[in-house]
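Before any comments, here is the structure.
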Amino acid sequence: MVDISVSTNENFKKTTTIDILKFVCCFLVVCIHTKPFQNIFWLDAGVGLVTRIAVPYFFITSAYFLMLKNGKDFWKGILNLIILYSFWYVLSLALSKSTYSNANSVGWWVNVVRNYFWLTNGNPLWFVCALIWADVAVYALRKILSPKILLVIGVVMFLIGYFFSTAYSITSKIPVVKEINDTIISKIGTQNALFFAFPYVAIANFILTDNYCPSPKKSLTLWVMFWVALSIEAIIMVKILNSTLNYLWLFAMPMTYFAFKFSSGVYVKDRKIYFALRKLSVGVYLVHPIILEYVRCGLNALRLSDNANIMLTIVVFLISLLIAFLLFTLSNVKRLKFIKKII
């Protein structure tokens with residue numbers, strides 16, 4: 001979800017429209033975690049379908065701009081991601097109530113260290129952790145494998161993840177699949193660098209050499225078509241086949257691909273506001289899990305939690321946006337430039 005600014009003016013001009021969609025996606029990420037219409041099934045399902053683009057789109061855009069770099073510039077980008085991830089990982093622990101309730105447990109601290117290196121299902125910061133691993137893996141492999149081969153490997157990894165998550169309500173009936181899940185997959189998760197981030201980073205790497213340039217109108221049409229296909233897939237998997245782990249979707253891959261093609265093909269005159277939107281979208285993503293925990297506690301104290309998900313969504317987003325704006329503003333102060341490393 002974290003972009004590294006590209007070096008060429010032409011590519012930077014293309015980021016402007018991308019940044020607008022990224023900012024929309026950062027709000028959708030908040031919706032994923034707050035579930036504004038949780039008590040109204042069809043509205044909840046509709047919002048859920050709209051939000052399916054958010055995380056894949058962030059993976060593709062973040063990886064795309066980082067993959068434009070080579071050598072020292074690439075590794076500098078990775079180092080920036082590690083610094084950012086480490087800061088927010090430690091801060092989220094320091095501000096979490098669970099840290100203080102488990103502070104005396106050695107096992108809990110062992111998990112904290114282990115999770116730092118391999119965050120998966122559950123913790124919102126899993127995205128940054130997964131992005132780092134996937135970027136490094138694709139960057140290393142592209143020295144010996146073509147973008148098309150890497151894309152094929154990415155699709156295969158995605159299908160394996162899909163097999164053990166979204167489709168698991170079906171595949172779990174196969175004894176050997178259940179055994180593999182219980183002994184391996186349940187320990188490493190499927191919402192991680194291997195099955196989620198790597199496929200989308202491989203797509204980003206493929207786009208760098210992809211000569212297919214559909215018109216914005218065609219890209220938008222295909223984006224909508226695959227979103228409709230995703231909706232049908234979701235109805236079948238959730239309502240008919242009772243899928244519970246449903247963050248990996250087959251039609252989300254082509255849908256996100258054409259969403260990126262659309263946003264990168266529409267030119268908007270470059271202005272400072274688009275750079276600000278890029279930073280704000282990163283800031284909202286990083287801040288909102290911490291804000292969510294405290295706002296939720298406040299609503300529980302006021303006994304508003306049962307029917308307050310819409311309020312929760314709005315309050316969390318606005319407070320996160322305000323904090324992100326303050327951090328962005330302070331980062332432009334000469335003595336506080338170090339803040340740029342954490343947003």
Do [X] and [Y] make a side-chain contact, defined as non-hydrogen atoms from C-beta onward lying under 4.5 Å apart?
| X | Y | result |
| --- | --- | --- |
| W88 | I290 | yes |
| I184 | F164 | no |
| T61 | L21 | no |
| F196 | P56 | yes |
| I339 | I342 | yes |
| L95 | Y294 | yes |
| Y85 | L131 | no |
| F65 | I18 | yes |

Nearest-0.5 Å distance that lies between atom [atom1] in [X] and atom [atom2] in [Y]:
| X | Y | atom1 | atom2 | answer |
| --- | --- | --- | --- | --- |
| I291 | L321 | CD1 | CG | 11.5 Å |
| L322 | F325 | CG | CZ | 8.5 Å |
| Y162 | L250 | OH | CG | 4.0 Å |
| I160 | I185 | CD1 | CD1 | 8.0 Å |
| F328 | K340 | CZ | NZ | 7.0 Å |
| H33 | T51 | NE2 | OG1 | 9.5 Å |

Does atom [atom1] of [X] have more than 12 heavy-atom neighbours from other groups under 6.0 Å away?
| X | atom1 | value |
| --- | --- | --- |
| Y116 | OH | yes |
| K178 | NZ | no |
| N332 | CG | yes |
| Y212 | OH | yes |

Next on the checklist: As a quick check of understanding, evaluate side chain to side chain contact (heavy atoms under 4.5 Å, CB included) for I32 and R52, giving each step before the final call.
Outcome noted: CA-CA 9 Å; I32 291 173; R52 289 309 95 192; 3.8 Å; yes
Checklist entry - Does the ring center of W126 lie less than 6.0 Å from the ring center of F59? => result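 Close enough - the centres of the two rings lie under 6.0 Å apart.
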Test item: [X] side-chain N/O and [Y] main-chain N/O as donor-acceptor pair under 3.5 Å:
| X | Y | result |
| --- | --- | --- |
| Q38 | N309 | no |
| S281 | C26 | no |
| K279 | I343 | yes |
| W118 | I188 | yes |
| S105 | W108 | yes |
| N115 | N111 | yes |
| K97 | E293 | no |
| S320 | V287 | no |
| S101 | S98 | yes |
| T34 | L312 | no |

Cluster check [X], [Y]: I/L/V/M/F/W/Y, side chain < 4.5 angstrom:
| X | Y | answer |
| --- | --- | --- |
| V106 | V112 | no |
| V50 | I53 | yes |
| L326 | V316 | no |
| L93 | I82 | yes |
| L79 | W75 | no |

Checklist entry - Using the ring of each side chain (for Trp, its six-membered ring), is F317 parallel, tilted or perpendicular to F27, with breaks at 30° and 60°? => result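 Rings of F317 and F27: perpendicular, over 60°.
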Checklist entry - When R142 is tested against each of N205, T209, I149 for side-chain contact (heavy atoms from CB on, under 4.5 Å), which residue passes? => result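 Among N205, T209, I149, the one that satisfies the side-chain contact (heavy atoms from CB on, under 4.5 Å) with R142 is N205.
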What are the two closest heavy atoms between [X] and [Y], and how far apart are they?
| X | Y | value |
| --- | --- | --- |
| L248 | G161 | CD1-C, 3.5 Å |
| K69 | F74 | CB-N, 3.8 Å |
| S92 | L125 | OG-CD1, 3.9 Å |
| N242 | K239 | OD1-O, 4.1 Å |
| A193 | W133 | CB-CB, 3.6 Å |
| Y274 | D19 | O-OD2, 3.3 Å |

Next on the checklist: Does either side chain, that of S263 or that of Y57, offer a donor lying less than 3.5 Å from an acceptor on the other one?
Outcome noted: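 Indeed, the side chains of S263 and Y57 share at least one donor-acceptor pair under 3.5 Å.
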Checklist entry - Among side-chain atoms of T244 and Y168, is any donor-acceptor pair under 3.5 angstrom? => result no
For residues 216-230, which side-chain donor-acceptor pairs fall under 3.5 Å, sequence neighbours excluded?
| residue | atom | partner | partner atom | Å |
| --- | --- | --- | --- | --- |
| S219 | OG | S215 | O | 3.2 |
| T221 | OG1 | K217 | O | 2.8 |
| W227 | NE1 | L49 | O | 3.3 |

Item to check | I78 and V136: CA distance, side-chain angles, deciding distance, side chain to side chain contact (heavy atoms under 4.5 Å, CB included) verdict | outcome: CA-CA 8 Å; I78 291 296; V136 171; 4.0 Å; yes
Item to check | Intermediate values then yes/no, side chain to side chain contact (heavy atoms under 4.5 Å, CB included), L286 and L84 | outcome: CA-CA 9 Å; L286 294 169; L84 180 143; 3.8 Å; yes
Checklist entry - For W42 and I40, what are the C-alpha separation, side-chain angles and deciding distance, and is it a side chain to side chain contact (heavy atoms under 4.5 Å, CB included)? => result CA-CA 6 Å; W42 289 110; I40 307 172; 5.6 Å; no
